[in-house]
Amino acid sequence: MNKRKAILETAVDLFAEHGYNRTSMQQIADSIGISKGSLYSFFQSKEDLIISIYEHYQQLVFERAFVVGLDSNMAPEDRLAKQFQVQFEGILEYKSYMKMHMRGETAKDSEKLAEMEHRMRGRLFSWLQHNLHRLYGDRIDPYKWDLMWMTQSIYSSYMMLLISTDSDLEPADLGKHIVRQIMILADDFFEGKSAPLLDDEMMKPFSVDMDREGAFISFEKREEAWTNLYEKIHSLGSDEAGEYVKFADRISEECRKSKPDELILKGMFRLLRDVEDLKEEVTELEKQLLP
């Protein structure tokens, strides 16, 4: 594991156990076995560290959905349900992060943290808007903000239920349930039974230009590498393409874990790298996932 990732994971555990305000940078450095000066060479302040933690773990959850979204063989509603499912699985997987998140302790009156929260919220809305267009096309636009607002409320409520109780809720069932509610609400708008209350002007404070402003830049190359690999596999059109997709999916599944097994990942990469037509794309993805 690289040192930056080790710092993030150790800090998450300490923040979850003791709280943000009661955990010092010295404690984090001592837990990792590095000097405080070395820690500050990665993160200039505790505030920068907590921002990096939020962005890192939210992107790990969204990357799960991103990779599932590359499966063009699934119907749009099934693909969206699967995307919700893998996000809920991630929420359960990253328990220390979610415990830290629930404590809600961060630096007060921080402009940097406010900007981070804006990006995180924009990330969710951008993803929801993209998937609403996959389901309904442009005709959803007059209703998109109401649907996104209600969907994020449902999503957040179930997320909090999952991590705050010993619920028997299954992520797969939750994914299907949320998509079903989205489709019921959308049909209600299309049939004129409901009228939208929200529009672009009213929701400007929640808008983020996700092409640049809301994207977590450190993950852009990862997402590009995933896209290139799946697109290249699908372009081969060979009998073996299905097997190659299974290998790529297996890499994705392992990466979803809070502590991926690098030996398994390297083995999967080696098998795919032996396919001459995929060598370039596989090498780039491996470089992004296993720096």
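By convention here, the first residue in the shown sequence is residue 1.
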Visitor: For a quick check under 3.5 Å, do Lys36 and Gln26 share a side-chain donor-acceptor pair by atom type?
Guide: no
Visitor: Does Lys266 use its side chain to pair, donor to acceptor, with the backbone of Leu290 at less than 3.5 Å?
Guide: no
Visitor: When rounded to the nearest 0.5 angstrom, what distance separates CZ in Phe62 from CG in Leu124?
Guide: 4.5 Å
Visitor: Please check if Leu14 and Tyr54 belong to a single hydrophobic cluster, counting links between Ile, Leu, Val, Met, Phe, Trp and Tyr side chain heavy atoms closer than 4.5 Å.
Guide: yes
Visitor: Using a 4.5 Å cut-off on heavy atoms from C-beta on, say whether the side chain of Tyr97 contacts that of Phe15.
Guide: no
Visitor: Is the shortest heavy-atom distance from the side chain of Ser153 to the side chain of Ser156 under 4.5 Å?
Guide: no
Visitor: So, Tyr136 and Asp141: side-chain donor and acceptor under 3.5 Å apart, yes or no?
Guide: no
Visitor: To the nearest 0.5 angstrom, please state how far the CG atom of Asp138 sits from the NZ atom of Lys144.
Guide: 9.5 Å
Visitor: Can you confirm whether Ile251 sits close enough to Phe247 that some side-chain heavy atom of one is under 4.5 Å from a side-chain heavy atom of the other?
Guide: no
Visitor: Just how far is it from atom OH of Tyr155 to atom CZ of Phe84, taken to the nearest 0.5 Å?
Guide: 7.5 Å
Visitor: Taking Ala172's backbone N and O only, do any of them form a donor-acceptor pair with Lys82's side chain (distance below 3.5 Å, no angle check)?
Guide: no
Visitor: Do Met25 and Leu49 make a side-chain contact, defined as non-hydrogen atoms from C-beta onward lying under 4.5 Å apart?
Guide: yes
Visitor: Any sub-3.5 Å donor-acceptor pair from Glu281's side-chain atoms to Leu229's backbone N or O?
Guide: no
Visitor: Please check if the side chain of Arg64 supplies one atom and the backbone of Val86 the other of a donor-acceptor pair under 3.5 Å.
Guide: yes
Visitor: With no hydrogens and no angle check, is any side-chain donor or acceptor of Thr151 less than 3.5 Å from a backbone partner on Met148?
Guide: no
Visitor: Give a yes or no answer on whether the side chain of Arg134 reaches the backbone of Gly69 with a donor-acceptor pair at less than 3.5 Å.
Guide: yes
Visitor: Would you say the side-chain atoms of Arg79 pair up with the backbone N or O of Asp71, donor to acceptor, closer than 3.5 Å?
Guide: yes
Visitor: How far apart are the closest heavy atoms of Ile32 and Ala6, and which atoms are they?
Guide: CD1-O, 4.3 Å
Visitor: Would you compute the distance between atom NE2 of His133 and atom CZ of Arg139 and round it to the nearest 0.5 angstrom?
Guide: 11.5 Å
Visitor: Could you pull out the closest heavy-atom pair between Ile28 and Ala11, with the gap in Å?
Guide: CD1-CB, 4.0 Å
Visitor: Taking the basic N atoms (NZ, or NE/NH1/NH2) and the acidic carboxylate oxygens, is any pair closer than 4.0 Å for Lys176 and Glu77?
Guide: no
Visitor: When rounded to the nearest 0.5 angstrom, what is the spacing between NZ in Lys5 and NE2 in His56?
Guide: 6.0 Å
Visitor: Determine, step by step, whether Asp199 and Tyr143 satisfy the side chain to side chain donor-acceptor pair (under 3.5 Å) criterion, reporting the C-alpha distance in whole Å, the side-chain angles of both residues, the deciding distance to 0.1 Å, and the verdict.
Guide: CA-CA 8 Å; Asp199 57 29; Tyr143 320 109; over 6 Å; no
Visitor: Which heavy atom of Leu272 sits nearest a heavy atom of Val282, and at what distance?
Guide: CB-CG2, 3.7 Å
Visitor: With hydrophobic residues grouped by side-chain heavy-atom distances under 4.5 Å, do Tyr94 and Phe66 end up in a single group?
Guide: no
Visitor: For atom CD of Gln181, is the number of surrounding heavy atoms from other residues, nucleotides or ligands below 6.0 Å larger than 12?
Guide: yes
Visitor: Answer yes or no: is there a donor N or O on one side and an acceptor on the other, between the side chain of Gln27 and the main chain of Ser24, under 3.5 Å?
Guide: yes
Visitor: Could you check whether Gln288 and Glu284, counting side-chain N and O atoms only, form a donor-acceptor pair closer than 3.5 Å?
Guide: yes
Visitor: Take Leu162 and Leu174, measure what side-chain contact (heavy atoms from CB on, under 4.5 Å) needs, and give me the verdict at the end.
Guide: CA-CA 10 Å; Leu162 270 179; Leu174 276 176; 3.8 Å; yes
Visitor: For residues 187-194, tabulate all N or O donor-acceptor pairs below 3.5 Å that involve a side-chain atom, not counting sequence neighbours.
Guide:
residue	atom	partner	partner atom	Å
Asp188	OD2	Ser194	OG	2.6
Glu191	OE1	Lys193	NZ	3.1

Visitor: So do Phe88 and Glu93 actually touch side chain to side chain, heavy atoms under 4.5 Å?
Guide: no
Visitor: Do the side chains of Ile154 and Leu92 join up, straight or via other hydrophobic residues, at under 4.5 Å, putting them in one cluster?
Guide: yes
Visitor: Okay, side chain of Asp48, backbone of Phe43: is any donor-acceptor separation there less than 3.5 Å?
Guide: no
Visitor: Looking at Phe42, does the NZ or CZ of Lys3 lie under 6.0 angstrom from its six-membered ring centre and within 45 degrees of the ring axis?
Guide: no
Visitor: Between Glu231 and Leu70, does the side-chain contact (heavy atoms from CB on, under 4.5 Å) criterion hold? Intermediate values first, please.
Guide: CA-CA 8 Å; Glu231 286 182 349; Leu70 297 175; over 6 Å; no
Visitor: Between Asp200 and Trp145, is any side-chain donor less than 3.5 angstrom from a side-chain acceptor?
Guide: yes
Visitor: Flag the pair Glu63 / Arg222 as yes when at least one side-chain heavy-atom distance between them is below 4.5 Å, and no otherwise.
Guide: yes
Visitor: Looking only at non-hydrogen atoms, find the nearest pair between Ser45 and Tyr40 and report the distance.
Guide: CA-CE2, 4.1 Å
Visitor: Donor-acceptor pair, Asn131 side chain versus Trp127 backbone, under 3.5 Å?
Guide: yes
Visitor: How about Val275 and Ile233: do any of their side-chain heavy atoms sit closer than 4.5 Å?
Guide: no
Visitor: According to a hydrophobic-cluster definition based on side-chain heavy atoms being under 4.5 Å apart (Ile, Leu, Val, Met, Phe, Trp, Tyr only), do Val179 and Met159 belong together?
Guide: yes
Visitor: Locate the shortest heavy-atom distance separating Leu169 from Leu161; write the atom from each residue and the value.
Guide: CD1-CD2, 3.5 Å
Visitor: Please give me the minimum heavy-atom distance between Glu254 and Ile264, naming the atom from each residue.
Guide: OE1-CD1, 3.9 Å
Visitor: Test Leu132 against Leu80 for side-chain contact (heavy atoms from CB on, under 4.5 Å), laying out the working first.
Guide: CA-CA 9 Å; Leu132 286 174; Leu80 181 55; 5.9 Å; no
Visitor: Please say yes or no: joined through hydrophobic side-chain contacts below 4.5 Å, possibly via intermediate residues, are Leu147 and Met202 part of one cluster?
Guide: yes
Visitor: I need the Ile53 CD1 to Ile7 CD1 distance, nearest 0.5 Å.
Guide: 10.0 Å
Visitor: Quick one: do the Tyr158 and His177 side chains pair a donor with an acceptor below 3.5 Å?
Guide: yes
Visitor: Apply side-chain contact (heavy atoms from CB on, under 4.5 Å) to the pair Lys232 and Ser235, showing each step before the final yes or no.
Guide: CA-CA 5 Å; Lys232 187 60 176 290; Ser235 73; 3.7 Å; yes
Visitor: Between Phe269 and Leu289, is any pair of side-chain heavy atoms under 4.5 Å apart?
Guide: yes
